[in-house]
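Scroll down for the structure; my scribbles are underneath it.
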There are 2 protein chains.
Amino acid sequence: MKHIFTIVILFLGLTAGLTCEEGMFPLSEIHKLDLNARGIEVAAPELYNPSGVSLVDGIINLGGCTASFVSADGLILTNYHCAFGAVQSLTSTENDYLRDGFTAAAPGAELPARRYSAWLIESYRDVSREVLAVVLPGMGHAARSKAIEEKIKKMEVDVEKARPGRRAEVAEMFRGKTYVLFVYTNIKDVRLVYAPPRAIGEFGGETDNWAWPRHTGDFALMRAYVAPDGSPADYSPGNVPFRPRRHFQLSSAGVREGDRVFALGYPGSTHRHKSSHYLAYEEEVALPYQIELGRWIIELKERLSLEGRDTAIKLSASLQGLWNNVKRSEGQLKGLRDLKLAARRRGQEQELQKFIQADPLRRRKYGELFARLDAAYAEARCRARRDQALASLVSGRVSTLLGNAFRVCEASYERPKPDTQREEAYMDRNFERSERQMTMALRDYSEPAERAVIREMLRRAASLPAGESIAAVRALAGGDDPGQALDGFLDKALAATRMKDPAVVSAWLKTPQAELRSRGYADDPFLRLAFALYPDYREMKEAEKRQKGVLDPLLAQLVDVKKEFLGTDFIPDANGTLRLTYGRVRGYSPADAVEMTPFTTLKGIVEKGAANPGNEDFAVPRRLAELAAAGELGAYAHPALNDVPVAMLYDMDTTGGNSGSPVFNARGELVGLNFDRVYEATINDFAWDESYSRSIGVDARFILWSLDKFSNAKRLLAEMGIR
Amino acid sequence: MKHIFTIVILFLGLTAGLTCEEGMFPLSEIHKLDLNARGIEVAAPELYNPSGVSLVDGIINLGGCTASFVSADGLILTNYHCAFGAVQSLTSTENDYLRDGFTAAAPGAELPARRYSAWLIESYRDVSREVLAVVLPGMGHAARSKAIEEKIKKMEVDVEKARPGRRAEVAEMFRGKTYVLFVYTNIKDVRLVYAPPRAIGEFGGETDNWAWPRHTGDFALMRAYVAPDGSPADYSPGNVPFRPRRHFQLSSAGVREGDRVFALGYPGSTHRHKSSHYLAYEEEVALPYQIELGRWIIELKERLSLEGRDTAIKLSASLQGLWNNVKRSEGQLKGLRDLKLAARRRGQEQELQKFIQADPLRRRKYGELFARLDAAYAEARCRARRDQALASLVSGRVSTLLGNAFRVCEASYERPKPDTQREEAYMDRNFERSERQMTMALRDYSEPAERAVIREMLRRAASLPAGESIAAVRALAGGDDPGQALDGFLDKALAATRMKDPAVVSAWLKTPQAELRSRGYADDPFLRLAFALYPDYREMKEAEKRQKGVLDPLLAQLVDVKKEFLGTDFIPDANGTLRLTYGRVRGYSPADAVEMTPFTTLKGIVEKGAANPGNEDFAVPRRLAELAAAGELGAYAHPALNDVPVAMLYDMDTTGGNSGSPVFNARGELVGLNFDRVYEATINDFAWDESYSRSIGVDARFILWSLDKFSNAKRLLAEMGIR
């Protein structure tokens, strides 16, 4: 009995939402929660109410980030790092908003953030039956995946065609099992209203990323604009502020240690319902590759950055992203190893297998489940090295030129297909965004970095053993001296290519394949390489779809049998849809005799600056230091700390995508702004644990203090209802 | 008024014992303390009572460490690192006590710790008047120093001659002002009774040295033996256990956070009464030199250690010592800089100067005080580089061969003098110890290290500018190619020298100079170099005595005028004499939002082991891991932690020499064993502060748990009154 109980607890600890604070609850689950028992005074219908106004109406999907409305006139609060792209692209030598920050003195001075759009949830409905109806008996694995994919795309396109200004997204909730159609209002005119200097918004830089104690003022303000008639519209000077159904009041009273909090946001993805095979694959194959790839690219780009300030500036954003990913991956790998997560989940699966064996009906339904998972992952492992090399080559994240060339090539195959049969990036609804990503990537183009990265990536791909080699790469660097062959290719290719020009990239992306060939564009060395890689790439994509076709029904079964075994229901992994999480303001102990307390302070900013002299990441703005020294805390001090709290810790369940999520106190006042997790909690995506899973938010008091004392942004404070 | 108040507080904070926990109180001050008001239930006469039995009777001066009696049969508790010399010299291939630890199964199995002696305080008396009576009007500065020195030596020798088995030490309490004669019973037969494996006694190694959280089981047991008649005697198998007047009961109940504690011990030296000049000299001259010297020797020895396990073993003790000193010096330098201690003390001295100027009498007495201090330190700075190089050359701590050669040379000058006029090391009472130190130093002799260190030390000395050069070094390496000259010298010298032989060193040390020369011993290359260095060295020693003669009366004046200014008394700096300190069990905050709690646990040992795989410093003994996993805590668990506490933090005022000090609870039960300070508290020697000055002790519960569960040392537990 005790044994079974332990197993149940282990499962719940890893999967379900019934333990105290784990859980990213989808909208459909909110009404089932006894929020009062969890110390939350806001009733479920106030949180989410499809037929009335609720907190959910104030929450924004900002494309990879979350944001929220903080005034009746569409003022948006999100993270500095979420608004960073806007700040960076608006910065010029005359107006260095990165260095100085930005405060729009008047409504007319608010600056368009061109690539941003704000999605507001309008409705959702379960479409599992409709989606799965396309799966026909005897269908192959790849065909199954493609049929579902196409059905989903059709549903999305249908909604968007019928209702302009909307964005539709069908989300897979439980893999291969449940699907929900979300319809969003899509506001496309978003403007930058306020950003602190980078020295505040990114204080601590890469050193402090994924770490506590943290002193980053990671917040910014934007605003949603719509056409005068209230409908979503592209940017126009004549647009007017959007008036949201709901906005939130920032609290200058804030929270204290132990206080209940909750958050709404768009967490990206977690993997708590996947099998031990997935965890083992991540630990042994995927994460080690990503870390190694990130590390050598970082090393190479850091070495180049030392050679000149120009190159350093161009590579800085890319290096920041690389470091962010490597550090997270390393934390995850460490967590997987230290916590032995794969072995623990394997142990649970063995218990599950016994449970399956104990009953003939279950044996018939699920008897082959784990054996099939074994086989599916064994195949993935065989393909891994070649697939990883190929995916890295064509991914714009490694080489911009080769990535763009590959998009042009792939578009020439995809664009002639019916819209809903294309790969997502080339569908009409996504095409413009894809094009923008490609041209934007050229903004920070650095030839020495590009050359070194392509060369090393191809050299590595060329060194794969014969059975795993990639034909196009072998043709390029197959001789006795691959280094010399690659240098020869790159000398010519970089001189001859036209793909450094964004206009060319844009034009070619829309050029049919026949024309690419007849006009000789396809002879561009990078495009030629892309076309040569394409057959192998296509084969890999087919294998992926086949693999998904195999895994989807198996993972659906896994959820079913786990439900039977545990006799309980649970919630789906994060998948970029709106979720509720709740918990407490709470420190943690990263090591024996070390306690992290849950608030940092202004004083701590100044101390970190003093402890890291000459380190730009910790350069304290003079005005901040002066205000801190003068004790100019305004009405924003934490009473026990006698200082303005800068960042705070809580044990809510968050992941990437929760960046910018508003953190509410029990009464639904906005007390913080989520922006990161502690290092130990990088493993959150695989396993949440109350002892180490802590997320980090900017304290609302620091936001208000910064607007008031540091930036004197009285207009905005008044708009936010702060006197 | 507020200004003056601030100044007074600053002075007290840096110098006096009236703040809550600062202060190393000498015996003469204990009766003045209101211990009850400080939460200590032991009355002053129980602590120290010259005419009866008191806690002081259980305290041992172990020569650089403190120890205490923990049984009626002379069982001694001290740090593992204090007993390390004994453990190391008793270890052989057959009996690897370093690896396995040592438990004497029966009294007869206790092993002689040859170089150890235990001093028990017998009496003390103020002899300031007698000492200062030798200072005659018009005496030169050097003559003043020498006269005081000789007087002190005479008093010590007189006591020891009159009372065999005693050790006498006159300690300078306030520089140039007060002197106290301490008489100790000198027990010379000390034996090793118990040592844990090095993996416990040094767990965490250099990485954790000067750091918290700490998990080092830094304790060992020894025993004092005396002749059957109870008198101190050299080691003899017929000796019997010493029966101390007082011993301490280890408490398995232990302490909790916030509990009052006090400690008795022999802190080495602090510098809180010295002037700003001293602090500035340490910050700008002394510490940077020591750090640089330590760093290059470490680098060199670590490189050589990589070349072979034999060399690595020989250099390990020396490297450990070097790292310990470098890390402490770096902590001190950081503290001096971060806290701007010299500037703060300079500011106080300016206030003091105003106070002096304000009164004609004071002006007459102290008017020149600071100007003279300025001049004295200006001279010291001029001499610094040459003196540092010379002192390093002749110090056995850098080169064993050259150091020993120099001792032989100096002995041939000193030994013919009357005993009390010799340099201390060559007085009859110290001669044997000096000889032993010299021969012991050869035990770890490694020729490659010796060669490299001498070469680099001489190369550096040879590169001093002309005005500061050392004649003998110039003669050796003065040509166009000093490197080649040094290599030539070392090739010949290392081949020809006889000083690698301990027997030769012993014999030569006792050989008169005329004979050294006539027999040709003085032609040994290292002895020849030592004789060549001697004139410069002698000149340096004279300058030191002159400097002390200048500073002593000035520092005496500084104490006098500070007393006048503050209208209060205070206690002298630590000087290797018995001191009381008191405080609380208490964590601290090294940074914003980081709290160190005051106990570590068994679980923490296992966690550190897991977090540092493959690192020998953190190798957890299998048995300890098993006991921890099995929850075998015995009666030694901290109730709130539900684990055995391993180390603890408290805010008492300690320094080097307090190693092995017993830590008592309010009722005088032994609850811990002091062994280190946190990194921030390396600055303790210059300034104590309640916010960061934390010392570290082994928890008595861990000592008992180790003896009981880990080592099954029931005999010793029974003797210590633990059932």
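In what follows, every chain begins at residue 1, and chains take the letters A, B, ... in the order their sequences are listed.
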ask   = Side-chain contact, heavy-atom cut-off 4.5 Å: A:Val594 with B:Thr597?
value = no

task = Check whether more than 12 heavy atoms from other residues, nucleotides or ligands sit under 6.0 Å from atom NZ of A:Lys334, and answer yes or no.
result = no

inquiry  = Tell me the closest heavy-atom pair linking B:Ala593 and A:Trp212, and the distance in Å.
reply    = CB-NE1, 3.7 Å

request  = Working to the nearest 0.5 Å, report the span between CG of B:Asp592 and NZ of A:Lys603.
outcome  = 7.0 Å

ask   = Taking every heavy-atom pair that is under 4.5 Å apart, which of B:Glu607, B:Arg214, B:His215, B:Lys608 has the most such pairs with chain A?
value = B:His215

